[in-house]
**Student:** 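Handing you this structure, nothing more for now.
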Protein chains: 2
Amino acid sequence: MSKEKELETEALIKDKAKVLFFQKGLLDATTQEIADEAGVNRALIHYYFRSREQLMETLLEEVMLEKQETIREILKTEHPFKIKIAKFIGALIDHGLKYPYLENFVISETARNPDRIKLFRQKEKNRSHELVRQQLEEEISKGNIDPITAQNFMINLISLCNYPLLAKTVIQCFHGMNDTEYRKFLVQRKQVIYKAIFNEEMPDVE
Amino acid sequence: MSKEKELETEALIKDKAKVLFFQKGLLDATTQEIADEAGVNRALIHYYFRSREQLMETLLEEVMLEKQETIREILKTEHPFKIKIAKFIGALIDHGLKYPYLENFVISETARNPDRIKLFRQKEKNRSHELVRQQLEEEISKGNIDPITAQNFMINLISLCNYPLLAKTVIQCFHGMNDTEYRKFLVQRKQVIYKAIFNEEMPDVE
DNA sequence: TTTATGTTTAACAATTTTGTTAAAAATGAA
DNA sequence: TTCATTTTTAACAAAATTGTTAAACATAAA
């Protein structure tokens with residue numbers, strides 16, 4: 001029994017499919033295109049993952065988990081609130097730079113089929129919202145931050161981080177950026193977002 | 001020659017297809033589903049619009065024009081800058097309430113095929129960006145607004161307006177809102193966005 | 001009523017895509 | 001090497017979808 005070979009091919013398909021979907025943005029890639037990208041026979045996709053659908057679920061779970069772990073770690077540290085949020089912004093943008101089309105996928109899948117939202121849900125205790133609210137309210141009562149509900153705070157934050165990823169093409173066209181300029185724009189944007197949220201310059205966070 | 005009947009059916013297909021695509025969110029509706037929604041034979045779609053593709057282009061052009069006209073009118077008035085922006089926010093949200101899935105469509109189409117961005121581009125002279133920049137810079141030099149580039153200003157603004165539309169399902173699930181609550185949330189959000197942008201309460205604009 | 005024109009329909013062909021399967025190939029233990 | 005198991009392949013079947021076409025139908029003018 002060659003367990004190594006199996007893992008090799010299975011992992012190869014997953015890796016290449018991730019590239020195709022979340023990096024190249026071919027969200028409706030066919031099983032044939034996935035097979036081509038991985039350089040394997042199309043039937044292997046069904047052999048290892050049963051269906052296109054199940055492959056997708058597997059990929060999503062992996063990539064979402066990667067993102068959620070990073071965020072959970074940041075939000076569970078003992079840093080001051082504003083530092084945490086600065087790191088949070090950085091993590092969202094960086095993950096977006098790694099998988100530029102992941103958010104597009106989440107958005108189109110959930111729009112097409114709201115039930116599939118389950119695939120993207122994190123465990124109750126780790127939801128960013130819960131991890132942020134208490135500390136946010138403390139800061140507000142101390143007068144360090146203008147009053148705002150946790151709901152609006154989070155949605156503002158995530159809107160400012162995610163929309164420029166979703167609208168890559170629109171923004172590039174509209175503001176005449178090539179890929180390099182767009183990347184640079186996103187990196188610089190971390191500071192812009194922090195300033196929009198807190199109305200003050202972002203401190204350096206390693 | 002029954003010109004009336006033709007316009008009736010043609011307009012019927014367009015109207016029902018708009019509902020299907022931009023209101024119900026079935027962005028990948030088949031020609032059969034479109035025909036069913038309009039209660040006509042599927043071949044009529046090809047008779048009037050040649051292909052599914054061309055129907056889509058027609059619909060888009062109409063809906064985008066409707067949106068762009070509203071925005072152009074707001075930005076070309078002589079109102080004070082902050083009033084204009086308040087109206088601009090209102091118009092973006094209201095259009096999103098009318099066609100909840102239009103932005104999803106723009107985003108997925110341009111991600112899938114960047115060339116198709118042409119379909120969404122407005123004429124150079126009417127681009128919101130151009131209409132806002134000069135006045136924004138004036139306000140900044142008068143010290144009424146914190147320094148920010150027009151690019152970042154616009155992208156912040158549009159991110160805050162559009163993301164909650166794109167992420168309808170995610171937000172509803174995450175914050176436990178039904179459709180009514182979500183609508184209310186969007187309407188109230190106009191003030192939240194204004195405050196996030198200008199750091200002060202939004203004045204009443206009719 | 002006849003005729004020409006425009007509108008609608010059912011049936012068909014072509015293509016694309018998914019998933020299955022039986023057989024071939026590779027692998028590794030006995 | 002032999003044999004059992006796993007992996008891979010090519011070929012096939014089924015379903016979905018788009019676009020075409022020829023004929024039926026409706027309408028209004030002559």
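Protein chains get the first letters and strands the later ones, always in sequence-line order, with residue 1 at the start of each. Keep in mind the model is a prediction, meaning the values are calculated, not measured.
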**Student:** Go through C:dG6, D:dT7, D:dT9 for me and flag the one nearest to the A:Asn41 side chain.
**Tutor:** D:dT9
**Student:** Starting from P on C:dT16, measure out to CZ on A:Arg52 and report it in whole angstrom.
**Tutor:** 17 Å
**Student:** Tell me: CG of A:Leu44 to C1' of C:dA24, nearest whole Å?
**Tutor:** 13 Å
**Student:** Please determine if B:Lys168 and B:Asp179 form a salt bridge, counting it only when a charged side-chain N lies under 4.0 Å from a carboxylate O.
**Tutor:**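 Yes, charged N to carboxylate O under 4.0 Å.
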**Student:** Which of these nucleotides, C:dT7, C:dA10, D:dT8, is closest to any side-chain atom of A:Thr9?
**Tutor:**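 The nucleotide sitting nearest to the side chain is D:dT8.
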**Student:** Just checking, is any N or O donor in the side chain of A:Asn152 or A:Thr149 under 3.5 Å from an acceptor N or O on the other one?
**Tutor:**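 Per modelled atom types, A:Asn152 and A:Thr149 side chains form a pair under 3.5 Å.
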**Student:** Between B:Leu160 and B:Arg189, is there a side-chain heavy-atom distance shorter than 4.5 Å?
**Tutor:** yes
**Student:** Which is more 5' along DNA chain C, the nucleotide nearest A:Thr30 or the one nearest A:Arg50? Just name the residue.
**Tutor:** A:Thr30
**Student:** Nearest whole Å is fine: how far is D:dT8 C1' from A:Glu8 CD?
**Tutor:**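 To the nearest whole Å, that distance equals 14 Å.
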**Student:** Within 45° of the axis and under 6.0 Å from the centre of the six-membered ring of B:Tyr101, does NZ or CZ of B:Lys24 qualify?
**Tutor:** no
**Student:** I need the OH-P distance between B:Tyr48 and C:dT8, as an integer number of Å.
**Tutor:** 4 Å
**Student:** Give the nucleotide from the list C:dT8, C:dT18, D:dT17 with an atom nearest to the side chain of A:Thr31.
**Tutor:** C:dT18
**Student:** Which atom names give the shortest non-hydrogen contact between B:Ile145 and B:Lys82, and what distance separates them?
**Tutor:**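 Residues B:Ile145 and B:Lys82, closest heavy atoms: CG1-CE, 4.0 Å.
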**Student:** Using whole Å, what does the distance between atom P of nucleotide C:dT18 and atom CD of A:Gln32 come to?
**Tutor:** 9 Å
**Student:** Measure from CD1 on A:Ile45 to P on D:dT7 and round the result to the nearest Å.
**Tutor:**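 My rounded result for the distance is 16 Å.
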**Student:** B:His46 side chain: which of D:dG19, C:dG19, C:dT7 is closest?
**Tutor:**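 That would be D:dG19.
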**Student:** Which whole-number value in Å describes the distance from A:Ile34 CD1 to C:dT17 P?
**Tutor:**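 The answer, rounded to whole Å, is 12 Å.
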**Student:** Please state how far atom CZ in B:Arg42 lies from atom P in D:dT17, giving the value in whole angstrom units.
**Tutor:** 10 Å
**Student:** Could you please name the option among D:dA10, D:dT18, C:dT9 that lies closest to any side-chain atom of B:Ala43?
**Tutor:** C:dT9
